[in-house]
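One-based numbering along the sequence shown.
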Amino acid sequence: MTGTTQRRIARPDARTLITRVLDPGSWRSWDAPVVDRAAPGSEYAQDLAEARAKSGYDEAVITGEGTLGGRRVAIVACEFSFLAGSIGVAAAERLVAAIERATAERLPLIASTASGGTRMQEGALAFAQMVKITAAVAAHREAGLPYLVYLRHPTTGGVFASWGSLGHVTAAEPGALIGFLGPRVFQALYGFPFPEGVQVAENLFTHGLLDAVVSAEDAREVAIRALEVLCAPRTGLERGPEPEEAEVAVPAWEAITRSRNEHRPGVRELLKLAARDVTPLNGTGAGENDPGLLLALARFGEAPAVVLGQDRRSRRTGMGIGPAGLRVARRGMRLAAELGLPLVTVIDTAGAALSRAAEEGGLAGEIARCLADLVMLDTPTVCLMLGEGAGGAALALLPADRVVCAQHAWLSPLPPEGASAILYRTVDRAPEIAEAQGVRAVDLKRDGIVDRIIPERPDAAEEPEAFCRRVARVLEYEIIGLLDTPAAERRAARIARYRSLGS
């Protein structure tokens, strides 16, 4: 989509956006009159006066609070019609005061950008304001408070390179121009146009830089769902009775065969059939994505969680989890840690990617970093072994406070065919190898790797909805139990658990 086409689209200004997003009649401004830095009678003073008269705004940002789905939130929003939404000292002061107030009052913060970046009339001092805005956002996040960002057309320059790129969840307006260097500046500097279609919201989504591309009306629903998880209660939750465990074990090779059934429910079906308030997240936020690794916010019953799971559908393409997928997983771990949310990891993989790109992309190192991050995480962690569990890709998501395993799920250093090839130079002895390696759920529980086995009656592929609801009930039970345990005690027990394996 070209810039000319983009400008023809009717887009909401800041006040209209706020009206569409917040509950009706709930908006209350926090803005005090601005103090101009322009010398009286100067050209800049005239620019400001004309901008106020033309736009109906007193500055390029407005701030305040309202309710969103009944929840009190703070909002800061740019207005592009005021000097291209540029940020100078007065706008920065207004932004920082609002962010600091939101932090002090422990409010979720929603930011919406529409800006060309730094206000050129104020030069280097305006440019440096991005540091203090970023510091205020960082302090808000460090306080464990949600920060949601909605990027509007256009968002470029220092605004995109600071507070526009720090959201826990980031969405953008359809067709919006979003980029570091504005295309007009690029052409003026280099003498030819910037490649078309690069600095467009949909392209950024494809490359894992955005979580969603949605209209203002849909952004309201996305924000409500996300905050239902991000702000969910963590104490006083009713745990309920202990779930039933599986009692019957099938031979290892039969379990492996069942786990590979193309009709077996995976993490997507689990979220669709048995979770609520699901908000899919997308990519690393740093320019990478891997369709084989799903990241989402969700609730299982009353228990909130960041969910990161291996998507069994990627098996059909023959592509295993690569370094980018593990970096997506680590984004989920950081999100859980920063907001104090429980983390659910879902293992369902035939193995990691085997390719030159995976090796050169640092696959082994990413597995190691996933292991290190998970073992040391302060937040509650539950690992769900849902199906196949082959190799390092499975191991990367294993370390957790509690590990629950579907009755026919399994864990092995390699697919049994690979182990058979190593030991006997043929894949024909895979069933024998699987039995000898102790890969089944019952074997893993015996060895202290698994804590609970979830029944399949008789096979998850034959009862997908009932099975997924059973899994969700187990996850809710385990998460609530962990939330009642102090973080230091929880982490010490986790480290001791893995230290004692095999002893």
Side-chain angles (χ1 to χ4, degrees), residues 3 7 11-19 27-66 74-104 109-140 151-164 177 179-189:
R7 285 191 289 273
R11 300 180 185 276
D13 66 352
R15 292 192 187 103
T16 303
L17 173 76
I18 288 168
T19 300
W27 168 251
R28 183 162 66 88
S29 175
W30 286 354
D31 293 337
V34 294
V35 178
D36 288 340
R37 296 188 57 81
S42 65
E43 184 178 345
Y44 180 30
Q46 184 177 343
D47 290 341
L48 289 170
E50 290 175 355
R52 286 171 184 141
K54 183 178 179 180
S55 70
Y57 289 80
D58 69 343
E59 246 302 342
V61 295
I62 60 174
T63 72
E65 66 171 271
I75 287 192
V76 297
C78 286
E79 176 47 45
F80 191 77
S81 66
F82 190 98
L83 295 182
S86 57
I87 303 300
V89 172
E93 283 293 331
R94 178 174 282 183
L95 278 170
V96 170
I99 297 166
E100 290 174 343
R101 179 171 174 178
T103 306
L109 177 61
I110 300 174
S112 181
T113 63
S115 173
T118 299
R119 186 162 299 171
M120 292 296 108
Q121 295 92 330
E122 296 184 26
L125 183 59
F127 183 46
Q129 299 300 303
M130 302 306 169
V131 177
K132 74 181 184 186
I133 299 170
T134 300
V137 170
H140 184 84
L151 305 170
R152 291 161 33 238
H153 173 76
T155 294
T156 61
V159 169
F160 184 44
S162 57
W163 53 290
L177 168 66
F180 176 59
L181 188 62
R184 187 171 66 181
V185 176
F186 179 92
Q187 184 159 2
L189 291 176

Is any side-chain heavy atom of [Y] closer than 4.5 Å to one of [X]?
| X | Y | answer |
| --- | --- | --- |
| Glu65 | Trp27 | no |
| Val159 | Ile133 | no |
| Thr113 | Phe160 | no |
| Ile75 | Ile62 | no |
| Val137 | Thr134 | no |
| Thr118 | Ile87 | no |

Over 12 foreign heavy atoms within 6.0 Å of CZ, Phe186: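 More than 12 within 6.0 Å, yes.
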[X] versus [Y], closest heavy-atom pair with distance:
| X | Y | value |
| --- | --- | --- |
| Arg52 | Asp58 | NE-O, 2.9 Å |
| Ala45 | Ala39 | CB-O, 3.5 Å |
| Met130 | Ser162 | SD-OG, 3.8 Å |
| Cys78 | Trp163 | SG-CH2, 3.5 Å |
| Leu177 | Pro183 | CD2-CD, 3.8 Å |
| Thr103 | Ala139 | CG2-O, 4.2 Å |

Given 3.5 Å as the limit, does a donor-acceptor pair link the side chain of Arg94 with the main chain of Ala60, or not?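 Here the side-chain-to-backbone pair does not exist.
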Strictly distance-based, threshold 3.5 Å: is any side-chain N or O of Tyr57 a donor or acceptor partner for the main-chain N or O of Phe80?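 Side chain of Tyr57 to backbone of Phe80: no pair is present.
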Contacts of type side-chain hydrogen bond (donor to acceptor under 3.5 Å, both in side chains), residue Arg119, not counting sequence neighbours: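 By the side-chain hydrogen bond (donor to acceptor under 3.5 Å, both in side chains) rule, Arg119 matches Tyr44, Glu59, Ser86.
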Distance-only polar pair, side chains of Ser112 and Arg152, donor-acceptor under 3.5 Å: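 Their side chains do contain a donor-acceptor pair, which is all the 3.5 Å distance test asks for.
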Measuring from [X]:[atom1] to [Y]:[atom2], what's the distance to the nearest 0.5 Å?
| X | Y | atom1 | atom2 | answer |
| --- | --- | --- | --- | --- |
| His140 | Leu109 | NE2 | CG | 4.5 Å |
| Leu151 | Ser115 | CG | OG | 11.0 Å |
| Leu83 | Asp47 | CG | CG | 6.5 Å |
| Gln129 | Leu95 | CD | CG | 10.0 Å |

Are any of the side-chain nitrogens in Lys132 or Glu93 under 4.0 Å away from the carboxylate oxygens of its partner?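 Salt bridge between Lys132 and Glu93, a charged N being under 4.0 Å from a carboxylate O: yes.
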With sequence neighbours excluded, what pairs up with Arg37 under the side chain to side chain contact (heavy atoms under 4.5 Å, CB included) test?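 Checked Arg37 against side chain to side chain contact (heavy atoms under 4.5 Å, CB included); matches are Val89, Glu122, Leu125.
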Val61 and Phe82: side-chain contact (heavy atoms from CB on, under 4.5 Å), yes or no, with the steps? CA-CA 9 Å; Val61 295; Phe82 190 98; over 6 Å; no
